[in-house]
Engineer: 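This structure is in structure tokens; I'll ask about it shortly.
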Amino acid sequence: MRVPGFTHLYGRIFAIFWTTLLVVVVTLVLMFQYDPRSVQPIPDHQLQRLQSQALQVNQRLDNHHSLSYAKLITRVKALTKRRDSHNSQLYFTTVEGDIIAPQKHTKALRNFITIADNPDKPQQRLYGRWLIAGPFVITTEQQPLFMYSGQVWRGAPPFFVQIMDKPFKLLLVTMLVSTPFLLWLAWAVTRPARRLQQAAERVARGEFAADPTLEQGPEEFKQAGASFNQMVDALNNIISGQQRLLSDISHELRSPLTRLRMATALAQRKQGQSSELSRIDTEAERLEKMIGELLELSRMQVNSHQQQQIVDSHSLWYEMLEDARFEAEQHHKTLTYNHLQDWQLKGNPNLLISALENVIRNAIKYGDDVIEVTFTHQPQQLLITIDDNGEGVPNDELDDIFRPFYRVSTARDRSSGGTGLGLAITESALRQHSGSIKATSSPLGGLRISMTLPLTR
């Protein structure tokens, strides 16, 4: 089985899991020395107090140095009775560990005697809330005795003890310890994932550019980034091939079209005007226009991102709107639009102008005599509506008019001279700028085109 490397994502997860576990275990082991339930040296201030207490007991027993051993034991028992209380207790044992006094509540003491029996190094240990410390030597003529001190421990349980006694707190501390490692892991995973997401969004906007930063981070993301860049390069090659093919087709088609129109013109000069020759010239002209619009649509879908910049809507569309109003007046129609403000847009200026111009000129062509253009500022986007009072479009065909070469069966048909590519070009331009377009019935009786474009800060 292959050992996971740290450069791999699963290797990092494996390493962080065991590192977190090791840190928790080592921390618990190191904190055991602070556990009052284990045998520990007596703090200096407490040791001095207990040694002073043992010295006082020594002095009291020295005042009775002529006592027999039996009376000495009686004297020791009396001494423990006078000091017996709920908060503290003195214990006396022989050097061999036999308890002399008192004989009650000595279960903890018996355990402690087996652990701490060196008077040169007194120690202490906590049993529940009862803290036992000792031993201290009591010198008598008969035989030496050991003194132990017991008292109620009033201190709050150390944090370590609280953790060990409460599994939930232990789990919480483990989570806190592992949080920095997990945050680092989350950052290590999400950073290349975010770069990959942003690269995919750029491709969705038509920006087919390889990103070397995708090939950084864990091996899994490096491989995914390399594959993504290879895909982008392959798309660029396909698009370049498509562009070359369209250029070749354009050249090959336009050459015979030009010769056809020249031949038609010569025939008209020799034979005079005829409906047949006029129809041939009209169709040739329409075909040449269609080829030009097809090439424009193709270039727009591929290269629109290469000329994007920040522009304001007033300087972008004002002149075009004034020209359109003048053109409408020449056709005895009225075009109105509300005040344009300096709303900031990011995109290809030529495409944005062309997108709105195509719709407005359609409205001028097919509207009876009224065209209204309305600009509405919405949160983070600009809404543009173009209304006319023409015949409109049947409701079941509203979604189809943005398809290339589609023409409805009313006034907007082949006899109008259109190629069916104007709205397709507009829809493509808006899509390239993360916008949208929709057709509905207008309150004026004709067609309403609603366009949205994202605003830039």
Side-chain angles (χ1 to χ4, degrees), residues 26-165:
V26 170
T27 302
L28 294 178
V29 171
L30 292 177
M31 292 183 70
F32 263 112
Q33 59 181 327
Y34 301 106
D35 187 0
R37 294 174 298 184
S38 61
V39 178
Q40 297 180 357
I42 302 175
D44 291 339
H45 67 282
Q46 187 177 351
L47 179 62
Q48 293 176 2
R49 181 179 61 80
L50 292 174
Q51 288 175 341
S52 175
Q53 192 175 45
L55 182 61
Q56 293 176 6
V57 172
N58 254 327
Q59 291 174 353
R60 291 185 181 182
L61 294 179
D62 282 345
N63 293 334
H64 304 277
H65 59 275
S66 59
L67 292 175
S68 62
Y69 180 74
K71 291 184 177 180
L72 176 65
I73 298 303
T74 302
R75 179 64 182 170
V76 168
K77 291 181 179 180
L79 185 63
T80 58
K81 287 181 180 180
R82 285 200 299 271
R83 295 190 60 86
D84 188 12
S85 71
H86 295 294
N87 297 326
S88 63
Q89 176 69 60
L90 291 179
Y91 299 96
F92 294 90
T93 69
T94 63
V95 177
E96 290 77 15
D98 297 328
I99 299 176
I100 298 175
Q103 293 292 335
K104 59 182 180 178
H105 308 300
T106 57
K107 183 178 180 180
L109 176 64
R110 294 181 188 279
N111 178 268
F112 186 70
I113 290 173
T114 61
I115 301 173
D117 56 358
N118 185 1
D120 294 331
K121 295 181 179 180
Q123 295 177 309
Q124 66 179 14
R125 184 179 179 183
L126 184 66
Y127 293 87
R129 302 289 292 179
W130 193 248
L131 182 66
I132 299 179
F136 301 94
V137 176
I138 304 298
T139 305
T140 63
E141 290 185 355
Q142 290 76 11
Q143 69 176 45
L145 303 176
F146 283 168
M147 185 190 81
Y148 295 87
S149 171
Q151 62 179 354
V152 175
W153 189 61
R154 299 184 181 279
F159 183 66
F160 169 74
V161 175
Q162 297 180 30
I163 293 175
M164 296 302 295
D165 289 344

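Count residues from 1 along the sequence.
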Engineer: As an exercise, state the distance from CZ of Arg110 to CD1 of Ile132, rounded to the nearest 0.5 Å.
Structural biologist: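 The CD1 atom of Ile132 is 11.5 Å from CZ of Arg110, to the nearest 0.5 Å.
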Engineer: What distance separates Gln53 CD from Leu90 CG, expressed to the nearest 0.5 Å?
Structural biologist: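 Reported to 0.5 Å precision, the distance equals 4.5 Å.
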Engineer: Could you give the distance from OG (Ser149) to CD (Gln51), rounded to the nearest 0.5 Å?
Structural biologist: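 Reported value, rounded in 0.5 Å steps: 12.5 Å.
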Engineer: For the residue pair Gln124 and Leu131, what are the closest heavy atoms and their distance?
Structural biologist: OE1-CD2, 3.8 Å
Engineer: I need the Leu50 CG to Leu55 CG distance, nearest 0.5 Å.
Structural biologist: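 CG of Leu55 is found 12.5 Å from CG of Leu50.
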Engineer: Starting at CG of Leu109, measure out to CD1 of Ile99 and round the result to the nearest 0.5 Å.
Structural biologist: 4.5 Å
Engineer: Counting C-beta onward and ignoring hydrogens, is there a side-chain heavy-atom pair between Pro119 and Phe136 closer than 4.5 Å?
Structural biologist: no
Engineer: For Leu145 versus Thr94, what's the shortest heavy-atom pair and its separation?
Structural biologist: CD2-CA, 4.5 Å
Engineer: Looking only at heavy atoms, which two atoms of Gln123 and Phe112 are closest? And how far apart?
Structural biologist: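 Scanning both residues completely, I find the closest heavy atoms to be O-CZ, 3.3 Å.
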Engineer: Nearest heavy-atom pair of Ile42 and Ala133: which atoms, and what distance?
Structural biologist: CD1-CB, 3.7 Å
Engineer: Specify the closest pair of heavy atoms between Gly150 and Trp130, including all atoms of both residues, with the distance to one decimal.
Structural biologist: C-CZ2, 3.5 Å
Engineer: To the nearest 0.5 angstrom, please state how far the CD1 atom of Ile113 sits from the OH atom of Tyr91.
Structural biologist: 10.0 Å
Engineer: If you look at every heavy atom in Tyr148 and Ala116, which pair is closest and at what distance?
Structural biologist: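 Closest pair (atom of Tyr148, atom of Ala116, distance): OH-O, 3.3 Å.
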Engineer: Would you please test Phe146 and Ile138 for side chain to side chain contact (heavy atoms under 4.5 Å, CB included) and show each step?
Structural biologist: CA-CA 6 Å; Phe146 283 168; Ile138 304 298; over 6 Å; no
